[in-house]
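Reading through the structure tokens given below for one structure.
Below, chains carry the letters A, B, ... as their sequence lines are ordered, and counting in each starts from 1. Predicted model only: the values in this text are computed from it and were never measured.
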Amino acid sequence: MKIATFNINGIKARINALPDWLDDAQPDVVVLQEIKSVDDAFPREIFEDRGYNVETHGQKSFNGVAILSKLPLEDVTRGLPGDESDEQARWIEATVVGKTAIRICGLYLPNGNPVELEPDGTPVAGGKYAYKLAWMERMRQRAQALLDSEMPALMAGDYNIIPQEEDAKRPDVWREDALFRPESRAAFRKILNLGFTEAFRARTRGPGHYSFWDYQAGAWNRDDGIRIDHFLLSPQCADLLQDCRIDREVRGREKPSDHVPVWIELDA
DNA sequence: ATGTCAACGATTCGTTGA
């Protein structure tokens, strides 16, 4: 089973590029981020015509996540548990029923910039960096519950986290950024260390592997990228891992997103 | 040399978010 994650940076802007990539890559399941659309405006027919079941969790203008699946989707839930007042559409879950049932979480983790800190170094309450870190703590709770279920499970999406220096062309320019600050990376490791496997690093080591290149300053032409789109696999899911790759060439196509798809192959 | 893109809601462009 081929499962992909893709931050499309707006479904309206990617109305041709996304179907074109789907027709090439033929994933069984895709989690999408930044659909930037309400549920009613999402062009589900385009994907249903290609044989995908479509589940969205959208909002106006910003954020928004979705799952497309050629296999049936069961027990769909929307929103990250732990804060009823959080209205940002960044989390969706469903169980994909194939040879084995797999719980799939699609996520769009908050960017967190600008970083605002008190003089003592704690994030300013109510600020975007505090929101990011609080969201990651909620995600950790949900991740632990997934492990406790002992079901094969994965969390895939735009994590807005550069895990290590080797995951950026120029780590020094990201040093103070919310994507690379120590608190952000520590929160990511805290989830990982519950017992998840980061799929890409289970298969490939070394620098030069990126999933995002800014539109600005010719970042793509200079290969000035970062790796921020990830798959975290539960132990029962990691046992099924066959491959993990980044569809880098998609960034060079017509009217690209600033992210490219990342995908895994599971023996499931 | 932050050099871009997308969505929106106001009026042909400014604001926000990334």
**Message:** Checking A:Ile226 against A:Leu179 for the side-chain contact (heavy atoms from CB on, under 4.5 Å) test, could you report, in this order, the C-alpha distance in whole Å, the side-chain angles of both residues, the deciding distance, and whether it holds?
**Reply:** CA-CA 10 Å; A:Ile226 53 178; A:Leu179 277 61; 3.8 Å; yes
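- In summary, the side chains of A:Asn63 and A:Gln88 do present a donor paired with an acceptor at a separation below 3.5 Å, with no hydrogens or angles considered.
- Here the separation of B:dT2 from B:dG17, taken at their C1' atoms, is 15 Å to the nearest Å.
- Residue A:Ala13 is classed as a sugar-phosphate contact, given heavy-atom separations below 4.0 Å to backbone atoms only.
- Phosphate contact (OP1/OP2 of B:dC5, side-chain N/O of A:Lys36, threshold under 4.0 Å): absent.
- The distance from atom CD1 of A:Ile15 to atom C1' of B:dA6 is 14 Å, rounded to the nearest whole Å.
- B:dA18 atom C1' lies 8 Å from atom CG of A:Asp214, rounded to whole Å.
- Nearest-nucleotide mapping onto DNA chain B: of A:Arg222 and A:Ser37, the residue sitting toward the 5' end is A:Arg222.
- When rounded to the nearest whole Å, the span between CG of A:Asp258 and C1' of B:dA7 equals 14 Å.
- The aromatic rings of A:Trp21 and A:Phe6 sit perpendicular to each other, their planes meeting at more than 60°, with 30° as the lower class boundary.
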**Request:** Check step by step if side-chain contact (heavy atoms from CB on, under 4.5 Å) holds for A:Lys36 and A:Ile11.
**Result:** CA-CA 7 Å; A:Lys36 297 187 178 180; A:Ile11 186 61; over 6 Å; no
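- Pairing each heavy atom of A:Leu192 with each of A:Thr197, the nearest pair is CD1-C, 4.4 Å.
- Between A:Arg14 and the phosphate of B:dA6, there is a side-chain N or O to OP1/OP2 separation shorter than 4.0 Å.
- In terms of position along DNA chain B, the nucleotide closest to A:Pro256 lies nearer the 5' end than the nucleotide closest to the other residue of the pair A:Lys128 and A:Pro256.
- Within the 4.0 angstrom heavy-atom criterion, no nucleotide atom of any strand lies near A:Phe212.
- Minimum atom distance to the side chain of A:Tyr215 is reached by B:dT4, of the listed B:dT4, B:dA18, B:dA7.
- For A:Lys60 and B:dT15, the NZ to P distance is 19 Å, given to the nearest whole Å.
- Separating the CG atom of A:Asp177 from the C1' atom of B:dG17 is a distance of 14 Å, rounded to the nearest angstrom.
- For the C1' atoms, the distance from B:dA10 to B:dG14 is 9 Å, rounded to whole Å.
- Rounded to a whole Å, the CG atom of A:Asn9 is 13 Å from the C1' atom of B:dT16.
- Going from the P atom of B:dA7 to that of B:dG3 covers 22 Å, rounded to whole Å.
- When the P atom of B:dG17 is taken as reference, atom CZ of A:Arg90 falls 11 Å away, rounded to whole Å.
- For the pair A:Gln33 CD and B:dA6 P, the computed distance is 17 Å after rounding to whole Å.
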